[in-house]
Amino acid sequence: MNRKLTTLALASVMAITAGCATTGGERDYSKSLYLRGQFAWWDALPEYKVKKVDNGLYRTEVELKADGQPYEFKFGDANWTSGTNCGSLSEEDKDVQLNKPVKTNCSAVFENFRFTPPETGTYGFYFDVRGETPEIYIDEAN
């Protein structure tokens, strides 16, 4: 009986760790991560899929109107999978300012970010996993 439990426990650990493995030591978020928010009715639209711009750095663009109202958003995959459902880590990180990185929680459920664009235009939204805790930031696109 103990041998069966040990074998079952070992098989479970191996299955879990195999599911976490990535090629090259880094997960490629450009295959599954989208910027999702009010501007897209929260859908995972192809035009808001992130593109890799550097090792561990991903970006997409969105055109926003400056009407004084904040846009709510998150980064997430098409299914809102835990581990790729990235919203604000804390209340202090909820309101995003231009060029100021904030930490993100990629197991978020209802913790959206908010961004009020200072002027109508196109903005770059970045997802950065180069540090210990993933961060997001926004800049004005050229």
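Model, not experiment: these values are computed from the prediction.
Counting heavy atoms from C-beta on, the side chains of Arg27 and Val129 never come closer than 4.5 Å. A heavy-atom distance below 4.5 Å is found between the side chains of Leu98 and Pro118. In this structure the side chain of Gln38 never reaches within 4.5 angstrom of the side chain of Asn112, judged on heavy atoms. The side-chain heavy atoms of Tyr48 and Phe39, taken from C-beta on, include a pair separated by under 4.5 Å. For the pair Val50 and Leu35, the minimum side-chain heavy-atom distance is 4.5 Å or more.
At least one donor-acceptor pair closer than 3.5 Å links the side chain of Lys49 to the backbone N or O of Lys31. Arg36 contributes a side-chain N or O that, together with a main-chain N or O of Asp77, makes up a donor-acceptor pair within less than 3.5 Å. Without hydrogens or angle criteria, Asn85 side chain to Ala108 main chain gives a donor-acceptor distance under 3.5 Å. Although no hydrogens or angles enter the test, the distance criterion places a donor-acceptor pair under 3.5 Å between the side chain of Thr104 and the main chain of Gly87. Between the Lys74 side chain and the Val109 main chain, a donor and an acceptor come within less than 3.5 Å of each other. A donor-acceptor pair under 3.5 Å is absent between the side-chain atoms of Asp43 and the main chain of Leu45, judged by distance alone. A distance-only check finds no donor-acceptor pair linking the side chain of Asn79 to the backbone of Thr81 [under 3.5 Å].
Here the NZ-CG distance, from Lys52 to Leu57, works out to 10.0 Å after rounding to the nearest 0.5 Å. Interatomic distance, Cys86 SG to Phe73 CZ, rounded to the nearest 0.5 Å: 11.5 Å. Here the straight-line distance linking atom CG of Asp67 with atom OG1 of Thr116 works out to 9.0 Å at 0.5 Å rounding. The distance from the CG atom of Asp54 to the CG atom of Asp128 is 9.0 Å, given to the nearest 0.5 Å. In this structure, CD in Glu140 is found 11.0 Å from CG in Leu64, a value given to the nearest 0.5 Å.
For the 3.5 Å distance criterion, the side chains of Tyr126 and Asp139 qualify, holding a donor opposite an acceptor.
Clustering ILVMFWY residues whenever any of their side-chain heavy atoms sit less than 4.5 angstrom apart, transitively, puts Val62 in the very cluster that holds Tyr29. The cluster map of Ile, Leu, Val, Met, Phe, Trp and Tyr, joined by side-chain heavy atoms under 4.5 Å apart, puts Ile136 and Trp42 in different clusters.
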- Going through the distances and angles, do Glu135 and Lys103 end up as a salt bridge (charged side-chain N to carboxylate O under 4.0 Å, His left out)? CA-CA 4 Å; Glu135 295 181 324; Lys103 297 193 183 308; 3.5 Å; yes
- Apply the test side chain to side chain contact (heavy atoms under 4.5 Å, CB included) to residues Thr84 and Leu33: give CA-CA distance (whole Å), side-chain angles for both, the deciding distance (0.1 Å), then the verdict. CA-CA 7 Å; Thr84 55; Leu33 199 65; 4.2 Å; yes
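The only option from Tyr71, Tyr137, Phe113 that meets the side chain to side chain contact (heavy atoms under 4.5 Å, CB included) definition with Val96 turns out to be Phe113.
Surrounding CD of Glu47 are more than 12 heavy atoms belonging to other residues, nucleotides or ligands, all under 6.0 Å away.
Nearest heavy-atom pair, Ala78 versus Ala44, reported as atom, atom and distance to 0.1 Å: CA-CB, 3.9 Å. Between Ala141 and Arg59, the closest heavy-atom pair is CB-NH2, 3.6 Å.
Ring planes of Phe127 and Tyr58: tilted class, angle from 30 to 60°. Between Phe125 and Phe115, the angle of the ring planes goes over 60°, which puts this pair in the perpendicular group of the 30/60° scheme.
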